[in-house]
Every structure is written in structure tokens, then in C-alpha cells.
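For the numbers below, each heavy atom of this structure counts, side chains included, while hydrogens, waters and symmetry mates do not.
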Amino acid sequence: CSGGKAVQATTASGRGSSQAPAVPITTAPVVQKSVPLTIEGIGTVIAASTVAVHSQITGELTSVNFVEGDEVQQGQVIVTLDKRPYEAAVNQAQATLDRDLAQAANARAQAVRYQDLLTRGIATHEQVDQMVANAAALDATVGADRANVDSAKVQLDYCTIRAPLTGKTGLLQVHPGNLVRAADTGAIVIINKITPV
């Protein structure tokens, strides 16, 4: 340098002259609330549970109580089959039970009478044993008849098909008027439980 002095311009505060402008800010009260959380990704969505609805008996499909794609509730009637043959089977089994109940009651009464005759010396031990055996056999027959009535009622109950779970129905594979068989491999409808997926 040639002996001159370098002079720096300063402001009253001693800093450079260029200052950034002030940034405005806003405030809001603090609140607690749920906010959406969105996560994006590529994947395959599968149902939590899937049920293929089949018939357990053979019969004509008489009604469908849902529309394809409907949300059905567990226990809701979705399909009915022709009940008439199964109602007749229940009535027949009940009539057989009633007949055998009457015969069993008569056989027990005869066994009691023959016991009385045995004490008087009119009937033989063999006759009494035969009457007691007849009464026991008819009691066993009544037990089998009760089981047949219960079985016929179960078959009748199978005529009403209910949704086994809550979910969305798929494509209806069998329409009213068609014959449904217990051995059919194809399902009547598939129900998907999509909540949660």
C-alpha cells in the first residue's frame, strides 16, 4: 500500500449494511386430534377369511336372499332349498315314534299284568320273561325313533343355508330352480371377510 488507510463502512450497530427482512409467522392454539396416516405401497390384498358355501343336502334351490357383492352378516339366511320332502320325513319319523311309544306303553302294561298273573300261579315265568323282553325291545325302538326324528329335523334345518361369517358375497354360481347336491364340487357362493383385510 502507499500509506493510505482502508476504511470499512459500518452501521450504528457495527454490522454490515445488508440485513434480511423479517419473516412473518402465525400461531394457533394447540389441539389434540386424530390425523390421517397414509402409507403408499404396492401389494396384494387378500381376505382375512374365505368360505365357500356348499349344500349339505340335495334339493331344489328355491330362493336367494342376497345380491352378488352384498355384505352379509353371520347367521343371515342367504339361500333356501325346497323343504317339502324333509318336512314329510320329519312327519313320518314323528308318526313312527308316536306309534312305537303307544306299543311300548302297552308292552309295559302287559309285563306288569303278567307279573301279577305269575304271583297268582296263572302265568309261567317264561311268559313273564317274554313280556318284559318285549317291553324292553319296544323301549329301545322308541330310542331309535327319537334319533330318527332328530336326524330328520337336522336334514330339514339344512334346507336353510345361513352365512357362516360376516363378509362380502361373490358371484352366485347356482340360481333358483337348479338342483343342488350335497356332493357338488362347486360352491353356491363364496363369502370373503374383508374387514380386516
Exercise for the section: For Q155 and Y86, indicate whether the former's side chain and the latter's backbone hold a donor-acceptor pair under 3.5 Å. Expected result: no

**Asked** Counting only heavy atoms not in I122, do more than 12 fall under 6.0 Å of its CD1?
**Response** yes

Minimum side-chain heavy-atom gap L118-T124 below 4.5 Å = no

*Under 3.5 Å, is there a donor-acceptor pair linking the side chains of T80 and S63?*
yes

inquiry  = Just so I know, are the side chains of T62 and K83 near enough to count as touching, which here means a heavy-atom distance under 4.5 Å?
reply    = no

Checklist line | Side chain to side chain, N65 and I78, heavy atoms closer than 4.5 Å | finding: no

Exercise. Does L138 belong to the same Ile/Leu/Val/Met/Phe/Trp/Tyr cluster as M131, with side-chain heavy atoms less than 4.5 Å apart forming each link?
Worked result: no

Between side-chain atoms of residues 99-113 and protein atoms elsewhere (two or more places apart, or another chain), which donor-acceptor pairs fall under 3.5 Å?
from : atom 1 : to   : atom 2 : distance (Å)
R108 : NH1    : D139 : OD1    : 2.5

Separation between CD1 (I190) and OG1 (T50), nearest 0.5 Å, reads 7.5 Å

Crowded around H175 NE2? As in, over 12 foreign heavy atoms under 6.0 Å?
yes

| Taking side chain as C-beta onward, heavy atoms only, is Q173 less than 4.5 Å from I188? | no

### Query
Quick one: does S151's side chain have a donor or acceptor within less than 3.5 Å of a partner on A147's backbone?
no

Q. Heavy atoms, side chains only, cut-off 4.5 Å: are V79 and V53 in contact?
A. no

Check: Taking side chain as C-beta onward, heavy atoms only, is D184 less than 4.5 Å from S55?
Finding: no

Hey, any chance V174 and L81 share a hydrophobic cluster, counting ILVMFWY side chains that come within less than 4.5 Å of each other, even indirectly? yes

Let me check something: do L156 and V180 share a hydrophobic cluster, defined by ILVMFWY side-chain heavy atoms less than 4.5 Å apart, either directly or through other members? yes

In terms of heavy-atom contacts, E60 and L179 come closest through N-CD1, 3.9 Å

With the 4.5 Å side-chain cut-off for hydrophobic clustering, are V64 and L165 part of the same group?
yes

inquiry  = If you count heavy atoms of other groups shown closer than 6.0 angstrom to CD of Q92, is the number above 12?
reply    = no

Residue set satisfying side chain to side chain donor-acceptor pair (under 3.5 Å) with N91, at least two apart, ordered chain then number -> none

To the nearest 0.5 Å, atom CZ of R162 lies from atom CD of Q73 at 14.0 Å

*asked:* Applying a strict under-4.5 Å side-chain criterion to I, L, V, M, F, W and Y, I'd like to know whether F66 and I161 cluster together.
replied: yes

* Is it true that K153 and D157 make a salt bridge, defined as a side-chain N closer than 4.0 Å to a carboxylate O? -> no

Discussion item. Quick check: do D82 and C159 have side-chain heavy atoms less than 4.5 Å from each other?
Written reply: no

With side chains defined as the heavy atoms from C-beta onward, is the minimum distance between V142 and L97 less than 4.5 Å? yes

**Item:** Any side-chain donor near an acceptor of the partner, D70 and T169, under 3.5 Å
**Value:** no

* To do: Give a yes or no answer on whether the side chain of K168 reaches the backbone of N192 with a donor-acceptor pair at less than 3.5 Å.
  => no

Heavy atoms of P164 and I191 approach each other most closely as CD-CD1, 4.0 Å

